[in-house]
Amino acid sequence: MSANKQSNSQLDPNRWKALAMLCFANFLVMMDSAIIQIALPSIKETLGYSQQNLQWVMSAFLIFFGGVSIIGRKVSRFIRKSAHI
């Protein structure tokens with residue numbers, strides 16, 4: 001029982017801030033996907049796209065969004081390392 005109390009006292013107090021940031025980032029991803037879903041009928045009417053082309057639009061957006069997220073993470077690691085030097 002004392003081992004459990006000891007491990008609880010060693011937990012990082014900023015873990016709740018990290019959880020909040022992860023939840024917010026997940027919310028933004030879902031919101032961006034919902035915005036594209038809402039815009040698809042307008043894109044279909046304006047550009048005359050077929051259903052297959054609309055699937056490509058959604059896939060391209062999500063791939064681009066994921067790529068930007070990965071690049072942003074790599075850039076933040078580089079900036080953090082150069083700031084400590």
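- Rounded to the nearest 0.5 Å, atoms CD1 (Ile38) and OG (Ser33) are 11.0 Å apart.
- Interatomic distance, Met31 CE to Leu28 CG, rounded to the nearest 0.5 Å: 5.0 Å.
- The OG atom of Ser59 sits 10.5 Å away from the CG atom of Leu54 when rounded to the nearest 0.5 Å.
- Within 6.0 Å of CZ in Phe65 there are more than 12 heavy atoms belonging to other residues, nucleotides or ligands.
- One finds the CG atom of Leu40 at 10.0 Å from the CD atom of Gln55 (value rounded to the nearest 0.5 Å).
- In this structure the side chain of Phe61 reaches within 4.5 angstrom of the side chain of Asp32, judged on heavy atoms.
- Between atom CD1 of residue Ile63 and atom CE of residue Met58 there is a gap of 11.0 Å, rounded to the nearest 0.5 Å.
- In terms of hydrophobic clustering, with Ile, Leu, Val, Met, Phe, Trp and Tyr side chains grouped at heavy-atom distances under 4.5 Å, Ile35 and Phe24 are assigned to a common cluster.
- To the nearest 0.5 Å, the span separating CD1 on Ile43 from CG on Asn53 amounts to 11.0 Å.
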- [ ] Report the C-alpha distance between Lys44 and Ser50 in whole Å, list the side-chain angles of each, state the deciding distance to 0.1 Å, and finish with yes or no for side chain to side chain contact (heavy atoms under 4.5 Å, CB included).
- [x] CA-CA 7 Å; Lys44 183 177 182 177; Ser50 66; over 6 Å; no
